[in-house]
Engineer: 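Handing you this structure, nothing more for now.
All heavy atoms count here, side chains included; hydrogens, waters and symmetry mates do not.
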Number of protein chains: 2
Amino acid sequence: MAVPQMLPPEQQICFALYSASRAITGRYRALLAPLGITYPQYLAMLVLWETGTSTVSQLGDRLHLDSGTLSPLLKRLESLGLVVRGRSANDERVVEIALTPAGDAMRSHAPQIAEQICASTGLAMPELIDLQSQIAALAERVRALT
Amino acid sequence: MAVPQMLPPEQQICFALYSASRAITGRYRALLAPLGITYPQYLAMLVLWETGTSTVSQLGDRLHLDSGTLSPLLKRLESLGLVVRGRSANDERVVEIALTPAGDAMRSHAPQIAEQICASTGLAMPELIDLQSQIAALAERVRALT
DNA sequence: CACAATTAGGTTGTACACAATCTAAATGTG
DNA sequence: CACATTTAGATTGTGTACAACCTAATTGTG
């Protein structure tokens with residue numbers, strides 16, 4: 001039972017996603033507290049650790065977030081001294097985000113955080129990979145509808 | 001690949017959950033707009049449609065939300081005329097939430113909403129049920145750690 | 001019964017999310 | 001080149017989430 005009629009929230013997949021997402025974010029809260037950043041901020045850092053630099057809209061494409069969310073978030077990362085923001089020389093509309101040395105240095109904490117999160121799911125690697133791809137595919141299908 | 005080292009967000013299960021949850025909530029936004037309520041408000045209504053009446057903390061236990069989230073949310077449902085709030089006679093600390101006739105009547109929209117959401121996942125019932133239970137179990141294990 | 005401890009909700013402050021709107025800077029067309 | 005259109009970000013307003021704190025009501029213990 002996970003469908004039509006009227007099911008209690010506990011048996012609906014949307015509530016499972018909503019509630020699992022909040023539970024994991026809570027886990028990150030504890031792990032990221034020493035770094036002084038939040039989970040969405042950490043996601044932005046993950047992209048920057050991979051790309052070195054990124055525009056606001058490239059970040060938005062990766063994380064599926066709009067400027068209304070990213071602008072203030074990136075300002076906070078800037079005030080923490082982890083990134084710098086600057087208008088592109090080619091196109092004054094574009095804002096480039098780049099890592100500071102402090103932001104780059106924070107990268108070294110990532111592996112242990114990922115490891116702890118994986119451990120807290122209680123799943124072994126193969127199951128984790130399988131579940132990740134099923135959920136990512138679902139998200140992709142739902143997003144495709146808009 | 002869905003784990004330690006430093007993976008891009010797209011390959012991490014936490015980002016899949018976070019992003020799938022937001023995608024589905026966006027879907028609900030469109031479906032619930034005619035009713036004038038949000039997805040978290042709809043979750044509270046689902047519980048009330050099942051139980052008829054509930055205290056704030058019972059609702060919190062079901063949805064894993066605290067009073068800091070529920071108090072303003074329930075006030076909005078009250079100002080929409082969907083529920084009424086009142087202190088319990090037995091224990092003045094307890095606030096009972098009950099459906100109004102309008103709130104009860106809204107129940108009839110639930111089945112089609114659930115059906116549309118299920119359809120938008122692109123999954124058939126068996127897969128949906130299977131995925132739901134895997135994600136719910138994961139959330140339970142993560143919550144058990146606190 | 002007195003009183004410390006607990007419990008139920010509410011409030012405050014911070015940080016997302018996202019719709020809607022705004023501004024400035026490109027871009028495209030005649 | 002002039003000008004309507006598009007595009008990139010920022011801003012505003014509403015609604016979650018959640019930590020931290022507050023108050024009032026109840027409970028447990030001596």
Engineer: Rounded to the Å, how far apart are A:Asn90 CG and D:dT7 C1'?
Structural biologist: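 Answer to the nearest Å: 15 Å.
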Engineer: Does B:Thr25 reach the side chain of A:Leu17, with side-chain heavy atoms less than 4.5 Å apart?
Structural biologist: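 B:Thr25 vs A:Leu17: side chains apart.
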Engineer: Can you pull the contact range of chain A along DNA chain C, 5' to 3', using atoms under 4.0 angstrom from its heavy atoms?
Structural biologist: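 In short, chain A contacts DNA chain C from C:dA15 to C:dA26.
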Engineer: So, for B:Ser54 and B:Leu59, which heavy atoms are closest and what is the spacing to 0.1 Å?
Structural biologist: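 Nearest heavy atoms, B:Ser54 then B:Leu59: OG-N, 3.5 Å.
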Engineer: Can a side-chain donor-acceptor contact be found between A:Ser19 and B:Arg143 if the only test is distance below 3.5 angstrom?
Structural biologist: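 Yes, because at least one side-chain N or O of B:Arg143 sits under 3.5 Å from a partner of the opposite role on A:Ser19.
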Engineer: Could you report the tightest heavy-atom contact between A:Met6 and B:Trp49, atom names first, then the distance?
Structural biologist: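 Scanning both residues, the minimum pair turns out to be SD-CE3, 3.5 Å.
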Engineer: Classify the ring geometry of A:Tyr39 against B:Tyr18: parallel below 30°, tilted from 30° to 60°, perpendicular beyond 60°.
Structural biologist: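 Answer is perpendicular, since the angle exceeds 60°.
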Engineer: If a protein heavy atom is under 4.0 Å from the base, mark B; if only from the sugar-phosphate, S; if neither, -; do that for nucleotides 9-17 of chain D going 5' to 3'.
Structural biologist: SBB---SBB
Engineer: Toward the 5' end of DNA chain D, which comes first, B:Asp91 or A:Gly26, by nearest nucleotide?
Structural biologist: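 Taking each residue's closest nucleotide, the earlier one in sequence belongs to A:Gly26.
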Engineer: Can you find a heavy atom in the side chain of A:Leu99 that is under 4.5 Å from one in the side chain of A:Met45?
Structural biologist: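 When only atoms from C-beta onward are counted, A:Met45 and A:Leu99 do touch, with a gap below 4.5 Å.
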Engineer: Answer yes or no: is there a side-chain heavy-atom contact under 4.5 Å between B:Met106 and B:Ile37?
Structural biologist: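 B:Met106 reaches B:Ile37 side chain to side chain.
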Engineer: Considering only heavy atoms from C-beta outward, does the side chain of B:Gln12 approach that of A:Ile117 to under 4.5 Å?
Structural biologist: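 When only atoms from C-beta onward are counted, A:Ile117 and B:Gln12 do not touch, as no gap falls below 4.5 Å.
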